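First comes the structure, then the notes that go with it.
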Amino acid sequence: MPTIVVDVMPKAELLDPAGKAVAGSLARQGKAHISGVRIGKRFEITVDEVNEAVLAEVREIAESMLSNSVIEDVIDVRVAEDHPAANAGEAHAEASVSR
Amino acid sequence: MPTIVVDVMPKAELLDPAGKAVAGSLARQGKAHISGVRIGKRFEITVDEVNEAVLAEVREIAESMLSNSVIEDVIDVRVAEDHPAANAGEAHAEASVSR
Amino acid sequence: MRVGVVTFPGSLDERDAQRAVRLAGAEPVELWHSDHDLQGVDAIVLPGGFSYGDYLRCGAIAAHSPIMREVVDAANSGMPVLGICNGFQVLVEAHLLPGGLIRNDHGQFVRRDQQLRVENTSTAWTSGFEQGQEITIPLKNGEGGFIADAETLARIEGEGLVTFRYVGLNPNGSLNDIAGLTNERGNVVGLMPHPEHAVEAGFGPDTSTRMRSGVDGLTFFTSVVEQALARA
Amino acid sequence: MTDVSTSSAHASAPTPARGVADTVEHAMATPEREQPYEALGLKADEYAKIREILGRRPTSGELAMYSVMWSEHCSYKSSKIYLRQFGKKVTPKMKENLMVGMGENAGVVDVGEGWAVTFKIESHNHPSYIEPFQGAATGVGGIVRDIISMGARPVAVMDALRFGAIDDPDTARVVHGAVSGISFYGNCLGLPNIGGETWFDPVYQANPLVNALAVGVLRHEDLHLANARGAGNKVVLFGARTGGDGIGGASILASDSFDEGGPTKRPAVQVGDPFAEKVLIECCLELFAKELVEGIQDLGAAGISCATSELASNGDGGMYIELDKVLLRDPSLTAEEILMSESQERMMAIVHPDKLDEFLAVVKKWDVETSVLGEVTDTGRLVIHWHGEEIVNVDPRTVAVDGPVYERPVAYPTWIDALQADTASALPRPTSGEELRDQALRMLGSPNLADKSWVTNQYDYYVGGNTALAFPDDAGMVRVDEESGLGFAVATDANGRYCQLDPRQGAQLALAEAYRNVAVSGATPAAVSDCLNFGSPENPEVMWQFSQAVEGLADGCMELEIPVTGGNVSFYNQTGDVPIHPTPVVAVLGVIDDVARRIPSGWQDAGDNIYLLGTTALELDGSAWSGVIHDHLGGRPPAVDLAREKQLAQLIAAGASESLIASAHDLADGGLWQALAESVLRFGVGARVWLDEIIERDGVDAATALFSESTARVLVSVPREDDVKFRGLCEGRGYPALRIGVTDSVAALEVQDLFTVEVDELRRVHRAPLAEAFGPVVGQ
Ligand SMILES: Nc1ncnc2c1ncn2[C@@H]1O[C@H](COP(=O)(O)OP(=O)(O)O)[C@@H](O)[C@H]1O
Ligand SMILES: [Mg+2]
């Protein structure tokens, strides 16, 4: 069954203590190339079919429930043509879908 | 500064209580097209530059620190050429990187 | 006076909230998440807990439940609503109160007897306190970090919406030590600490003189009852 | 993948393809087929026994059931012959208040006023090492389901934890994971955590112990037992869907010998969903309250195999199940995997057909998924079908009750004589005030005597509004009845060091300490549950330790006249060939008429008199002092005198009922010094103490007075105005009592003529070890 991927990230201007904690710990381990970490969520939503109506519905859910617009942004809603795990190692195509 | 995106998902064969709770709520709200939800994490890691060594380091961190291999899989580590938020609305290219 | 206490699947402190309502001299009324019926109550408490497991964002799924549509309408027409901990998160997710609540900055669940300063005594739930009074209320949460963007924060402070501030120790990284908020109208109040756990001597927080004897939380409930009496 | 409708090309061949059921018929037709019994943990003779019972080879489904149910974990095959003592060594008084004894999901104790309390402690050690967070979380989930199945409302949890050396690089991982797992699951269920233990010792390095305890309350008439009676009654599975969790081993069955592709990857870990469990609790309580179920059984280890065979064995003996009715999370699961799955948050109910609709309505109200799997029969057989074919046909008692029983070889450990001969009495003891102070602070700041707030600050003890005592007090206490104030208290204890020196006495010391901890809270001890953590039963020396510990515990309970109501055995706790110290964790439950009369463990007022009840001997073997200061373990643990413990408990109860006692704190690890320091630290009230009378009366030196771990001792503070009465009470009962100090408004602990420590310094030292090892203490 097709999967729609929704990516949600904390708003850039707000605190992300969890990301900060990971970045701090990496810095303490001497990982000098890494200057920042932010932690968001990735939703994999299995749908029975993909069409504009379904996509519109998922987009709506992404805005109203999967994210809280006061503190988070939905940064992407797209159809995963393949599960990324299946094609790790090669560039994979995902059709990005506008919000 | 360039960003490397790391996607981590709960292992497919394990229970994902978070996804289950969201799927249950969507079902109660009558969203009939959605049959399943799984919730993972999306890390945006800012690095000072992208090269094989940095990527290797991030891959290593993804496996050892950003995920718990007993219950989660790192499904993707890739360079985000543009912040996806910046180009939502059009197909965006992300170079996927093998694990 | 009848005070409704909403139970969501995963609510935990609803019986404590009912007890607090009773000890304040009012009648608790159980409200069920999937109903649309407020049963004619005069005020509402959204209790603490982990509604729907709180796996997505705390309070997020509960904010979409049927009863919340009624609660939002009632709140907008002035009914006193108190959100405690998870209830506060639900109020924030339902946009009845500004800002957001995120994972504690230290990443752990924390339980402690928390000192608070009462910053606003003109709300439905705080009129029995003195301005600036310091009270001790148990706190227990994993996601109590209050955040808002700079503009919202300035507005909250400017309009005096901050109702409680952490004193002595900020247990979760909340901006400006914010522990609780009210809306412009003062009928809706939300806070992370648990006043319903400080209503009965013997089961409350430690005080400076006696173990487990603090009852500062009772004033939340007597405030709303006394105002109702005054109006009647 | 599991597709029985497609007739496989191999269907007629001796080895069917994966997914096609190995039916009873097929098993009869292929008697010589090889089966992977060894990989499933069965011995050759056990496998032969199964063949003998069935009169044929088992089907792979039957093999799955027997292998999990005959495992050490489920069958108690090595421990059974010893555990029987708990049922035999009983006096009439011990049975008086026992509503349900050993053998059921959890024992039930009558606490008066029509109320009963049920409690049990269980281990989740091995899963908690592999994946500490989920392992510990599901440990809490599992024990709570045992409590629900008795018809009780769970009202509290506790956790007894043992980790490797505090500074080992792996310890922080296990501690962070286990503590946050317990915190997460218990907090989400709304169960106050009211106490437990946290120990560090290298012997638990790759084998942490995570023992979880749950307590439930019920009205007498609400008591339910899990059994399947009444032919025609429905067997219903409800709760979470069945997935591939915790069946690592079971995949062998489904693959190794049946499939050319090799084993599929099935995880050995289970993921917990406390929200699902919370809903399940409320759902079960409503089902019980509306009398819609005949019985409910929780699904824990061995999942459906266990629930069906136990329910059937405990009832009329027959059951018919259609396994393909089980709701699956993962449709690729085979029948064998479904039988063995340990997916969490599931329950099985026996429902009268007339009540099924109402049952389903309640379950629906709570959004819990359900499927009717089959019904109770009077055939005496447990018959399981898979898509219309019979894959299991067994006498359920042979699976659940009449499993193998071993009398394993027992050998007296040759090393123990030398160990016992190496007494700590020979170690140099400090004499100057300065030395004593230095050692006292080193002890207070050692991991096992240090403040455990790093752990306990992550636990909610407020929820429910009935918690009268919790950490850091000696016992947790919860109100049962809001009108009368009736309540219970529970404490858990075990000292692996003592048990290593002498497992029999060590077990009795654990019992004595838990008993004393309950007594000092003001409650009257009433019942015992235990979790026996040991090494491999195949090691005769371990078996000797086990036999000694059980005997000691059973004898001790008889002397104290409190029954063992249930518990758990965890074997194979070892790293390589090295077993852990024997660690029998003992939980004692007590009853108190009114929790308003509970006794605090620390000083709240200046000017009270401090009494030491009991006498002190040179008993430093196995002590915290010998371990911390000299890294020494040898000799014989302190003497136990259970008659005195009983007398002491009665004395405290009498003092409490006359409200003569302002605080009471038991003496255990770290001796008098530790009890004094903790009494100060509880509320920050200082004290002035003198040792000369102890030294004189008991003929000991100052170090012994401070650090000895002699038993049957308690520190009590008494308001001045009650002094005469209190002395009278002690004299009247012939219990030795010495006034050894007064509480003080000066924030310091002064041991007269020897040393003084400011409260701030005590606090700093006490708090340091866990924070240094695991990061800042939240909320401090
Ligand atoms: N893992 C834990 N969970 C809950 N409470 C704990 C835990 N570890 C220690 N405690 C609590 O901390 C306090 C001190 O523990 P401990 O020194 O072992 O007590 P005692 O010596 O009286 O048995 C007790 O109240 C105990 O219940
Ligand atoms: Mg104690």
Side-chain angles (χ1 to χ4, degrees), chain B residues 1 3-46 57-58 60-76 80 83-86 88, chain C residues 6-12 14 31-37 46-73 85-87 89-95 100-109 141-145 147 149:
Chain B
M1 275 202 291
T3 299
I4 299 177
V5 174
V6 175
D7 286 328
V8 172
M9 292 300 291
K11 277 193 195 297
E13 60 275 21
L14 287 177
L15 174 67
D16 170 21
K20 194 177 120 190
V22 172
S25 163
L26 292 173
R28 279 191 303 278
Q29 291 171 46
K31 313 284 185 199
H33 294 296
I34 293 173
S35 58
V37 178
R38 296 187 72 82
I39 307 181
K41 295 199 191 97
R42 176 192 159 95
F43 297 86
E44 290 186 3
I45 299 176
T46 322
E57 183 162 39
V58 172
E60 191 277 316
I61 291 166
E63 294 291 343
S64 66
M65 194 172 146
L66 304 183
S67 69
N68 171 353
S69 63
V70 181
I71 55 172
E72 293 171 323
D73 290 320
V74 177
I75 60 163
D76 205 16
H83 192 290
Chain C
V6 178
T7 302
F8 301 100
S11 289
L12 306 177
E14 73 274 19
L31 301 177
W32 182 241
H33 72 112
S34 63
D35 291 345
H36 277 283
D37 183 2
L46 303 179
F50 292 80
S51 54
Y52 300 94
D54 276 348
Y55 299 121
L56 175 60
R57 288 180 316 284
C58 291
I61 297 181
H64 285 79
S65 63
I67 195 93
M68 278 309 294
R69 248 171 276 163
E70 313 307 318
V71 172
V72 169
D73 286 349
C85 193
N86 194 223
Q89 293 160 338
V90 174
L91 291 174
V92 164
E93 283 285 339
H95 305 305
L101 292 155
I102 59 168
R103 186 131 200 92
N104 296 345
D105 58 354
H106 47 72
Q108 290 174 9
F109 184 98
N141 65 63
E143 306 196 13
I147 55 167
D149 57 36

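Values in this document were obtained by computation on a predicted structure and should not be read as measured data. Every chain is numbered from 1, with letters handed out A, B, ... down the list of sequences.
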**Message:** Rounded to the nearest 0.5 Å, what separates atom CD in B:E60 from atom CG in B:L66?
**Reply:** 9.5 Å

**Donor-acceptor side-chain pairing of C:H33 and C:Y52 below 3.5 angstrom** = yes

**Those residues of residues 100-109 of chain C, ordered by number, that approach chain B below 4.5 Å (heavy atom to heavy atom)** = none

**Message:** C:Q89 vs C:N86, test: side chain to side chain contact (heavy atoms under 4.5 Å, CB included). Steps then yes/no.
**Reply:** CA-CA 5 Å; C:Q89 293 160 338; C:N86 194 223; 2.9 Å; yes

**Item:** Worked check of side chain to side chain contact (heavy atoms under 4.5 Å, CB included) between C:F8 and C:I67
**Value:** CA-CA 9 Å; C:F8 301 100; C:I67 195 93; 4.0 Å; yes

**Prompt:** Any chance the side chains of B:S25 and B:Q29 put a donor and an acceptor closer than 3.5 Å?
**Reply:** yes

**Request:** Say whether, by atom type as modelled, one donor and one acceptor occur between the side chain of C:S51 and the main chain of C:S11 under 3.5 angstrom.
**Result:** no

